[in-house]
Amino acid sequence: MAKRGDVVIDIEKCKGCEVCISACPQNVLAVASEVNNKGYHYAVKVNEGCTGCANCAIVCPDAVITVYREK
Amino acid sequence: MKELRLMKGNEALAEAAIRAGADAYFGYPITPQSEVIEYLMANKPEERTGMVVLQAESEVAAINMVYGAAGCGKKALTSSSSPGMSLKQEGISYIAGAELPCVLVNVVRGGPGLGTIQPSQSDYFQSVKGGGHGDYKLIVLAPSSVQESVDYVKLAFELAFKYRTPVMIQSDGIIGQMMEKVELFEQMPRVEPDYEWATIGRKEGKPSTFVTSLQLQAEEQEKVNLRLQAKYREIEKNEVLFESHYCEDADYLLTAFGSCARITRKAMEMARAKGIKVGLLRPQTLYPFPTEEFNRLAGQVKGILCVEMNAGQMVEDVRLSVNGKTKVEHFGRFGGMIPNPDEILNALEQKIIGG
Amino acid sequence: MSENLIKPENLVYKKTDVMTDRILHYCPGCAHGTAHRLLAEVIDEMGIQNETIGVAPVGCSVLAYYYFNVDMQEAAHGRAPAVATGIKRVFPEKFVFTYQGDGDLAAIGTAETIHAINRGENILVVFINNGIYGMTGGQMAPTTLQGMKSSTSPFGRDVKTMGSPLKITELIAQLPGAYFVTRQAVHKPANVRKAKKAIKKAMEYQKLNKGTCFVEIVANCPSNWKMTPVQSNQWMEENMFPFYPLGDIKVPEEN
Amino acid sequence: MTEEIIIAGFGGQGVLSMGQILCYSGVMQNKEVSWMPSYGPEMRGGTANCTAIISDEQISSPVLNTFDTAIVLNQPSMDKFEDAVKPGGLLIYERNGMTRKPRRTDINICAIDAYDASVKMNNTKVFNMIVIGGFLKIRPIIDMENVIKGLQKVLPERYHHLIPLNEEAINKGMEIITVEHKLN
């Protein structure tokens with residue numbers, strides 16, 4: 001069974017490019033219906049199932065995602 | 001003990017660069033300055049002081065290598081001749097904009113275009129008025145002997161670091177190619193840079209340093225320009241150098257710079273022998289220009305003849321300096337032709353005394 | 001349930017401190033940010049933040065020095081390899097890199113690029129190839145693909161009059177001064193991992209003083225390609241990769 | 001004392017080094033000196049010349065149009081510089097290969113068979129030293145000991161064993177120079 005993980009997204013820095021969403025094998029990410037101060041529909045975690053694989057973070061061009069995973 | 005040698009201007013300048021503790025030279029061959037890099041390559045400064053010498057693939061690359069080394073706070077220089085200096089202008093503008101210290105040597109030859117390889121002073125405007133794009137100035141030193149070619153290298157590095165600005169030594173084919181007796185100063189140590197503006201590697205706990213001439217906001221760029229202008233006013237106040245000969249009782253004034261001043265001095269001696277009271281004012285710094293001294297002498301003399309190996313460039317600064325107080329005329333030979341003292345004396349008699 | 005996972009001891013990934021906290025000015029989805037981050041992570045992991053000096057180009061990444069928390073110099077267009085040469089020659093013990101786009105490296109700076117590498121300058125060149133001039137608004141680059149539209153080739157690049165796209169990386173690999181030459185991408189997790197490995201290798205090789213390391217990153221330009229970031233990455237795979245195939249082009253013999 | 005000299009000839013005759021040796025010798029004798037070569041395509045075309053000035057006073061112009069002495073070693077140089085000798089000045093020419101004699105009557109004229117002498121010495125490389133000897137015979141502006149000191153400065157250490165040979169050549173030049181026309 002995969003370990004459990006979680007992500008923290010710095011929504012003010014997110015530009016809503018969605019590259020993380022397509023990189024996530026667990027489909028836990030989506031775009032928010034709200035916009036941030038810059039007017040971007042930022043990425044949010046919408047589903048459980050994150051394994052802390054960090055794929056989202058390593059493809060994020062703006063380094064807005066921090067990843068945690070249970071030890 | 002002072003060390004006397006008979007050396008070519010270009011070679012002496014190269015030796016002076018090693019002795020001034022320069023860290024790096026980047027250049028590209030072009031007549032009549034190639035002896036600078038040839039001398040450096042032959043004299044192994046890497047072994048003597050650790051100074052780096054590199055033949056770049058172009059003048060453009062050479063000046064940008066200077067930028068890189070200067071950005072590290074190192075003492076870097078390059079040399080070229082007129083067409084090569086035109087190529088370097090882009091880099092010089094960036095260096096001026098990024099406020100980096102470096103030394104540039106232009107052994108001027110005739111132009112425009114490929115021109116000729118013979119001596120000329122036709123790059124005065126380019127050197128003194130900026131040369132590249134944007135509002136900036138270079139300190140410009142004009143040696144008129146091999147000895148000054150040596151001494152000005154040391155001075156140029158001092159001024160470059162004092163003001164964080166590029167300093168040009170404007171030599172020419174005569175000064176570069178001639179041999180004279182020269183006294184060399186003793187080897188100075190190379191210094192490990194520790195300037196807050198230089199990229200020497202980030203210091204722990206401090207923000208990193210960057211060297212740039214880019215400002216995205218006009219307001220910020222104007223601040224940079226104001227700072228540069230303030231620096232130029234300081235330079236104008238502190239660094240003017242000139243040499244005067246027989247100006248005290250002069251009725252007429254000759255003025256010339258660099259090698260041309262040597263020839264003009266001969267004309268002055270000939271005029272004095274004929275009983276004409278002529279003086280010679282030789283600007284040693286072309287920027288900052290000895291404006292006040294010209295203005296002062298303009299109240300005393302009946303006219304000024306500006307002798308140049310160009311079609312009339314420094315004469316404009318002389319006219320601005322005297323501001324109409326006295327007559328100012330130009331006599332020039334150009335395209336690599338060198339005026340002779342008889343011609344100069346004749347021009348003085350025709351254009352100033354009789355004119 | 002996941003709340004309790006967010007604890008320092010569970011941290012597996014966060015932005016490196018070798019990147020500053022400034023918001024990148026790049027467009028959404030632009031590969032520049034990822035490429036910056038990989039380079040910064042390598043510098044971080046190698047512990048060479050205070051021994052690294054970078055050179056920024058002219059192009060979209062002209063402000064790279066705002067984002068790297070290492071000392072940097074901003075070079076004139078195309079001149080980064082010459083500037084880096086000046087730095088490396090006076091500081092041979094420092095780690096020096098240039099970061100250049102295709103216009104900077106493969107058009108105006110071709111001479112500086114080829115000669116610095118031919119001299120085997122011990123620097124890392126990171127080359128971002130997105131086949132277009134980004135900063136000035138999508139003009140044709142030396143690497144623009146045949147038939148590809150840009151604002152200066154609005155009907156597609158016609159090789160008869162505009163020349164063929166330049167595979168400068170293959171060209172550079174021919175030079176004896178080039179020690180390690182590779183082409184990577186950063187659009188997918190697997191590519192990111194490979195690209196980072198390549199950059200790390202290159203930085204480690206710099207210690208050996210064996211020559212220039214050259215890492216090309218085939219990149220997207222969603223804004224000027226007029227696509228969404230995700231579409232642009234797909235277009236890149238379908239169109240750029242066949243002409244600019246990923247993988248090592250020149251590797252040191254002993255490895 | 002100021003002596004303004006032009007030395008002109010073919011490339012390979014040692015024209016430029018002749019001027020340098022004179023200048024270095026001048027330095028050894030505490031004189032002010034200046035040496036200025038012609039450079040560039042002219043040099044590559046096979047002819048070379050240099051101006052050497054030796055003076056007790058500071059030298060103003062290093063570039064001159066007229067000279068106290070012209071040393072011409074081939075016909076083109078004779079054609080170019082005969083008229084540049086100041087009235088009352090000195091023209092020294094190498095006879096070998098000259099197709100005409102000097103025409104001036106208002107200057108001193110000397111001739112030297114330096115090339116033949118160098119062949120007889122089995123060393124054509126000392127040709128220029130023979131010419132220097134001839135010049136110093138007519139214009140003894142520098143003492144022999146200072147010429148030797150000058151040579152020591154100009155020649156790299158590994159050639160210092162050749163200095164006696166050069167001294168011999170200078171003496172030979174002093175011996176063989178002939179005065180063709182002397183002003184009263």
Side-chain angles (χ1 to χ4, degrees), chain B residues 3-10 30-35 42 81 107 109-110 115-119 144-147 172-183 245 256 258-270 272 280 282 307 309 333 336-344, chain D residues 2 4-7 15-45 48-67 83-84 86 142 146-147 149-156:
Chain B
E3 193 180 342
L4 264 186
R5 281 206 222 168
L6 184 69
M7 294 182 93
K8 269 192 170 192
N10 285 340
I30 181 172
T31 307
Q33 69 79 46
S34 298
E35 292 86 359
S81 179
V107 184
R109 63 187 241 186
T116 179
I117 58 166
Q118 274 72 32
S144 80
S145 64
V146 175
Q147 186 64 54
D172 62 48
I174 295 177
I175 303 295
Q177 295 295 323
M178 74 188 290
M179 281 181 120
E180 284 189 311
K181 215 155 70 166
V182 60
E183 188 183 333
H245 301 282
S259 62
C260 194
R262 301 274 296 261
I263 303 161
T264 305
R265 188 170 166 184
K266 183 126 189 168
M268 181 198 73
E269 287 164 3
M270 287 158 64
R272 283 263 166 189
L280 170 66
R282 173 172 75 94
V307 186
M309 297 189 313
R333 293 296 302 270
M337 291 302 292
I338 300 162
N340 68 52
D342 298 300
E343 290 177 326
I344 296 169
Chain D
T2 297
E4 296 170 338
I5 310 159
I6 179 91
I7 307 168
V15 164
L16 301 183
S17 58
M18 223 184 292
Q20 287 182 10
I21 292 163
L22 281 174
C23 284
Y24 240 124
S25 311
V27 173
M28 295 300 128
Q29 197 149 318
N30 262 326
K31 306 269 186 202
E32 297 297 321
V33 301
S34 143
W35 174 91
M36 178 77 204
S38 66
Y39 60 86
E42 198 184 34
M43 202 163 89
R44 283 158 211 148
N49 73 68
C50 69
T51 303
I53 307 173
I54 298 160
S55 177
D56 291 324
E57 284 137 51
Q58 199 187 341
I59 294 162
S60 49
S61 176
V63 185
L64 303 165
N65 287 39
T66 58
F67 304 91
D83 288 341
K86 294 177 196 170
I142 298 160
N146 287 323
V147 179
K149 280 190 200 160
L151 275 173
Q152 282 167 348
K153 279 277 188 182
V154 174
L155 292 175

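So that the names make sense, note that chain A is the first sequence line, chain B the second, and so on, each numbered from 1. Here the structure is a predicted model, which is why all the values come from computation and not from measurement.
- Only the backbone of D:K31 comes within contact range of chain B, with heavy atoms under 4.5 Å apart.
- With hydrogens and angles ignored, the 3.5 Å screen pairs a side-chain donor or acceptor of B:R262 with a backbone N or O of D:S60.
- Taking CZ of B:R5 as the reference point, atom OH of D:Y24 lies at 7.0 Å (rounded to 0.5 Å).
- Looking at B:I338, only its side chain comes within 4.5 Å of chain D, counting heavy atoms on both sides.
- A salt bridge does not link D:E57 to B:K266: none of the charged side-chain nitrogens sits closer than 4.0 Å to a carboxylate oxygen.
- Looking at every heavy atom in both residues, D:M36 comes nearest to B:G173 through CE-O, 3.9 Å.
- Residue contact with chain B, scored on non-hydrogen atoms closer than 4.5 Å, involves the side chain of D:L64 exclusively.
- Atom CD in B:Q177 sits 12.5 Å away from atom SG in D:C50 (nearest 0.5 Å).
- Atom CE of B:M179 sits about 14.0 Å away from atom OG1 of D:T51, to the nearest 0.5 Å.
- Proximity of a side-chain donor or acceptor of B:K8 to a complementary backbone N or O of D:W35 within less than 3.5 Å is not detected.
- The part of D:Q58 that comes within reach of chain B is its side chain, from C-beta onward, which places non-hydrogen atoms under 4.5 angstrom from that chain.
- Ranking D:G19, D:A52, D:P62 against chain B, the residue ahead of the rest is D:P62, based on heavy-atom pairs under 4.5 Å.
- Distance check, rounded to the nearest 0.5 Å: CE of D:M28 to CG of B:L4 gives 8.0 Å.
- Using a 4.5 Å heavy-atom cutoff, the side chains of D:S34 and B:M178 are in contact.
- Taken from OG1 in D:T66 to CG in B:N340, the straight-line distance is 8.0 Å, to the nearest 0.5 Å.
- At most 12 heavy atoms of other shown residues, nucleotides or ligands fall within 6.0 angstrom of atom NZ in D:K153.
- Ranked by heavy-atom pairs under 4.5 Å with chain D, the list B:K181, B:E269, B:E180 is led by B:K181.
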